[in-house]
Amino acid sequence: MSTVRVRFAPSPTGYLHIGGARTALFNWLHARNLKGQFILRVEDTDQSRSTPESVEAILEGLRWLGLNWDEGPEVGGEYGPYFQMRKLERYREVAETLIASGHAYRCSCTKEELEERRLLAEKQKRLYRYEGLCRNKTLSRDTPHVVRFKVPQEAGSVCFLDEVLGRICKQYSDIEDFILLRNDGIPLYNFGCVVDDHDMAISLVGRGQEHINSTFGQMLLFEALGWQAPKFAHFPLILGQDREKLSKRLHPEADLMQHRKNGILPHALLNFIVRLGWSHQNDETFSLQQMIEYFGFNHVGKTSGVWNPDKLLWLNQYWMKNLPPSEVAAALIPFLKEAGATEILEPAKLEKTVLALRERSKTLVEMARLGVCYFQKGVTMDAAAKAKHLGAEGLALLREVRERLAATDFSPANIEAAIREVAQTHQVGLGKVAQPIRVAVTGQTISPGISETLDLLGREEALARMQTALKG
RNA sequence: GUCCCCGUCGUCUAGAGGCCUAGGACGCUGGCCUUUCAAGCCGGCAACACGGGUUCGAAUCCCGUCGGGGACACCA
């Protein structure tokens, strides 16, 4: 069996797009599933838009998701360079080969000239083609020119067998003489991509369906160069709720790191995007090991999927409840700080907090909001909560329970008993007694069960907070 | 407009000719549990785009229509 080598080849023109993240994930899973190599390649040939900051942002996004690469920036590898701008000579050399073999030509037509022809063709209601356009001009190397690929002029078509879509073809006449090298000698996507996929011995190219049309040109290039083309797999697109392709401009959820800020666990996000376009029987939740074990292109769907924020939230809560508490606790720390925690974030207490709050929060932001009161001195009292539960009646009940609590240790049984007795004495429901305690110690109407809450706070702090509430 | 891809509940999907009276999940919804809020458990609503074929039999195969999306840069 030949080696599986797949790549993720983003262009560093901004943050890591969620669609890119899913493309990376599918490739990564395929590589891990088959014990192959996952390569990261930076396609930075768009000089006007590429920035080093973007490279870093993309690496950071991949690291956050845990998608490690075997070759690429920072780790190197035998097939580098992994930045396209570092191998311009190579592209020029290949372009020359194509010109020499008659598969490409130098073209000095300007954009304007081409546009003119396009309009003319439209006016004449005939299909516009690049046929013969500049092919016959002979140019010296010093006149400014681009290098164009010479698409076969005879009748015929290019086809490839897509791993998820099946056989797809396109007629030669529907493909234009696309540009290989710009007039500054820098390669365009379609060309750099082919040279690199060949040079890096990529066995399968997995990318979004928006690239299907460029695949035909690439197939032509592989053929002209006499190189064996890799396999291709085109993944369904991710659409926003407006059914348009998820774009950075229109959809905030397109920004991977936005989800980190929103308190989404990386594993939850992974689980969510892996199910957008892929399935394994009726399974909904997957550990990383399961994803790797089950993944295959045969179960990648063909239809675009719509972003579903509710399901992401559900998955996030699911994983907050099912991942080791220590892992969730570690992820919670920055959110607690952000929420205003001032006390020491001690690991054991953090884990207890996670255990107590994970059934009540869908995100780490929510968990921090509910949990920050356990990591502060005193409470920030919610006015509405106070008005509702710490009126005359509430305070009277609170005074009484506090007395009983102060007289015992804080075992769950004792706390239960104290509440029960007070409720019984006054012929009121348990809630009547419990709520004032809850509000007094947390400042909110929402918290875990009372004994759990008091335990989290510690006897001393809890009694002190009740005392403060009683003083008004 | 041209080319390419796609078309099962609102959404993500299972489904590779009989196992489908179409299954699961999110959401919505009724109930149980309950000291708050949740979580959990039990139940409900809800889909094969349409029209022709092929076949004893079609969500599954073929054709057409309609619908949706994508690509049409010296961007990737």
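Since we're looking at a predicted model, the values are computed, not measured. Below, all heavy atoms of this structure are taken into account, side chains as well, without hydrogens, waters or symmetry copies. Naming: A, B, ... by sequence-line order, numbering from 1 per chain.
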> So which nucleotide does B/rA14 pair with, by the Watson-Crick or G-U wobble rule with both distances under 3.5 Å?
Replying inline: none
> When you check every protein heavy atom under 4.0 Å of nucleotides 18-28 of chain B, what one-letter string (B, S, -) results, 5' to 3'?
Replying inline: -----BBBBS-
> For A/Q444, does its backbone N or O pair with a side-chain atom of A/T442 as donor and acceptor, under 3.5 Å?
Replying inline: yes
>> It should be established whether A/T303 places a side-chain nitrogen or oxygen under 4.0 Å from OP1 or OP2 of nucleotide B/rG69.
In response: no
> When you check the gap from the basic side-chain N to the acidic O, do A/R90 and A/E93 get nearer than 4.0 Å?
Replying inline: yes
>> Tell me whether the side-chain N/O atoms of A/T445 come closer than 4.0 Å to OP1 or OP2 in B/rC37.
In response: no
>> Can you list everything that forms a salt bridge (charged side-chain N to carboxylate O under 4.0 Å, His left out) with A/K87? Sequence neighbours excluded, please.
In response: A/D196, A/D199
>> From the set B/rC4, B/rG69, B/rU35, return the single nucleotide nearest to any side-chain atom of A/L239.
In response: B/rG69
> Would you say A/K170 reaches B/rC5's phosphate, i.e. side-chain N/O to OP1/OP2 under 4.0 Å?
Replying inline: no
> Got a sec, which residues hit ring pair (Phe, Tyr, Trp, His ring centres under 6.0 Å) with A/H198, two or more places apart in sequence or on another chain?
Replying inline: A/W227
> Looking only at side chains, do A/T453 and A/D455 share a donor and an acceptor under 3.5 Å apart?
Replying inline: no
>> Working note: A/D177 + A/Y105, criterion side-chain hydrogen bond (donor to acceptor under 3.5 Å, both in side chains); need CA distance, chi angles, decisive distance, verdict.
In response: CA-CA 10 Å; A/D177 281 1; A/Y105 60 97; 2.7 Å; yes
> Paired with B/rU34 by Watson-Crick or G-U wobble geometry, both distances under 3.5 Å: which nucleotide is it?
Replying inline: none
>> Need one value for A/G449: base, sugar-phosphate or nothing, where a base atom within 4.0 Å counts as base even if backbone is also close, heavy atoms only.
In response: base
